[in-house]
Visitor: 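First the structure, which I've put down as C-alpha cells, then a few questions once you've had a look.
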Amino acid sequence: MARPRVHDDSLAARLLEEASAVVATTGSTGLTVRDLAARAGTSASAVYSLFGSREELLRAVGDEAFARFAQRLAAVPRTDDPAADLLGLGLAYRENALAAPNFYRVMFGTPGVGIQDGTRGPATASATFLVLRDAVMRVLDAPAPAAAEPALALWALVHGLVELELDGVLPDGAEGRYTRTLRAAGPAILAG
C-alpha cells in the first residue's frame, strides 16, 4: 500500500494564499516560514517540504500570481473584432486585480517578488504583456515594434486606474468609470 501524501495540493494552495496576503501587506521581508505555517495551520516542515525554501516559496507566490493573471487573460474570447477583444483584456485586468488583490499586489508591487524578482527580465517581455502587445498589433494591424509603445501606454492606463481603485481613493462608480475611460482614452492612445 502506498504511503499517503500528507502535504497535498490543497495545502500548497492555502500556503500560497496566506503568503500572498502577508507579502502584499508587509513585503517579502515580512514573510517567515514559521508565521506562515501557523497562519495555514500546518508545520514549518510542511512548508519546506512543499516549496524547498523561503526564497522558492516567494518565487512560487509570484508564479501563482502570474498564472492566475494569464488564466484570466486567456479566458477573454478572441473574436473578429480586435478592438472589442482589446477592451475585454482591459476589463479582465481589472477583474483579476479585484478577484485576487493580494496576488495582484505581489505580482506588481513587491520588490524582489513577481515582476520585480530580478529573474524574469523586463516587464515588457513577460507573457502577460505580450498578450496585450499582440492584441494591440491586431487593432493597429502593425508589427510588434509599432505596437509596443501603445501597449505600454495602455498598460499604464489600466494599471493606474486599478491601483487607485484598490487603494480606495476613487469615488463610487469605479467600474463604470473604468470602462468609460478605457473606451475614451484607449483609441486616443492607439491613434498615437
Side-chain angles (χ1 to χ4, degrees), residues 16-28 30-31 58-78 81-117 120-140 147-192:
L16 290 173
E17 286 285 344
E18 291 291 340
S20 76
V22 171
V23 173
T25 56
T26 65
S28 60
L31 181 68
L58 284 168
R59 173 76 182 193
V61 173
D63 290 347
E64 178 67 14
F66 274 104
R68 289 176 178 215
F69 184 41
Q71 184 176 26
R72 182 75 66 156
L73 294 178
V76 175
R78 302 310 191 263
D81 184 349
D85 296 351
L86 182 58
L87 177 61
L89 290 174
L91 297 174
Y93 189 100
R94 179 179 177 270
E95 291 165 4
N96 178 71
L98 296 179
N102 291 333
F103 281 110
Y104 177 85
R105 294 211 185 273
V106 166
M107 185 169 43
F108 291 119
T110 306
V113 184
I115 201 77
Q116 298 183 41
D117 79 359
R120 295 184 188 274
T124 54
S126 72
T128 52
F129 180 81
L130 295 178
V131 169
L132 171 61
R133 190 215 53 206
D134 292 350
V136 170
M137 286 171 56
R138 284 185 62 218
V139 171
L140 297 178
E149 280 301 313
L152 186 59
L154 288 171
W155 179 27
L157 172 68
V158 297
H159 186 76
L161 289 169
V162 166
E163 283 289 330
L164 290 171
E165 185 174 359
L166 287 177
D167 289 344
V169 297
L170 294 179
D172 291 338
E175 181 176 0
R177 182 179 308 103
Y178 182 84
T179 303
R180 286 190 305 276
T181 301
L182 293 189
R183 284 190 171 134
I189 289 171
L190 293 173

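Computed from heavy atoms alone, side chains included, the values below leave out hydrogens, waters and symmetry copies. All of these numbers come straight from a predicted model, not from anything done at the bench.
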Visitor: Shortest non-hydrogen contact from Leu166 to Pro101?
Guide: CD2-CB, 4.0 Å
Visitor: Between Phe103 and Leu16, which heavy-atom pair has the shortest distance, and what is it?
Guide: CZ-O, 3.6 Å
Visitor: May I ask you to check whether over 12 heavy atoms, not counting those of Arg183, lie within 6.0 Å of atom CZ?
Guide: no
Visitor: Could you please spell out the steps behind the side chain to side chain contact (heavy atoms under 4.5 Å, CB included) verdict for Leu130 and Met137?
Guide: CA-CA 10 Å; Leu130 295 178; Met137 286 171 56; over 6 Å; no
Visitor: Do other residues, nucleotides or ligands put more than 12 heavy atoms under 6.0 Å from Asp172 CG?
Guide: no
Visitor: Would you say the side-chain atoms of Thr179 pair up with the backbone N or O of Gly176, donor to acceptor, closer than 3.5 Å?
Guide: no
Visitor: Which heavy atom in Asp85 sits nearest to a heavy atom in Pro77, and how many Å separate them?
Guide: OD1-O, 3.5 Å
Visitor: Over 60° means perpendicular and under 30° means parallel, so tell me whether Trp155 and Phe129 are parallel, tilted or perpendicular.
Guide: tilted
Visitor: Could you give the distance from CG (Leu182) to CZ (Arg177), rounded to the nearest 0.5 Å?
Guide: 12.5 Å
Visitor: Can you give me the closest heavy-atom contact between Pro111 and Gln116, atom names plus distance?
Guide: CA-OE1, 3.3 Å
Visitor: What are the two closest heavy atoms between Val113 and Ser28, and how far apart are they?
Guide: CG2-CB, 3.7 Å
Visitor: Any chance you could measure Tyr93, atom OH, to Leu154, atom CG, to the nearest 0.5 Å?
Guide: 11.5 Å
Visitor: Check whether any side-chain heavy atom of Glu149 sits under 4.5 Å from a side-chain heavy atom of Val136, and report yes or no.
Guide: no
Visitor: Could you give the distance from CG (Leu98) to CD (Glu175), rounded to the nearest 0.5 Å?
Guide: 8.5 Å
Visitor: Taking C-beta and beyond as the side chain, do Thr110 and Asp117 meet within less than 4.5 Å on heavy atoms?
Guide: no
Visitor: Could you measure the distance from the CG atom of Leu31 to the CD atom of Glu18? Nearest 0.5 Å is fine.
Guide: 10.5 Å
Visitor: Check whether any side-chain heavy atom of Tyr104 lies under 4.5 Å from a side-chain heavy atom of Arg94, and answer yes or no.
Guide: no
Visitor: Which heavy atom of Leu190 sits nearest a heavy atom of Pro150, and at what distance?
Guide: CD2-CB, 4.0 Å
Visitor: Let me confirm one number: the CG-CG distance from Asp81 to Leu87, rounded to the nearest 0.5 Å.
Guide: 9.5 Å
Visitor: Mind running side chain to side chain contact (heavy atoms under 4.5 Å, CB included) on Val22 and Asn102 for me, showing each step along the way?
Guide: CA-CA 8 Å; Val22 171; Asn102 291 333; over 6 Å; no
Visitor: Can you find a heavy atom in the side chain of Met107 that is under 4.5 Å from one in the side chain of Glu64?
Guide: no
Visitor: How many angstroms lie between atom CG of Asn96 and atom CG of Leu91, to the nearest 0.5 angstrom?
Guide: 12.5 Å
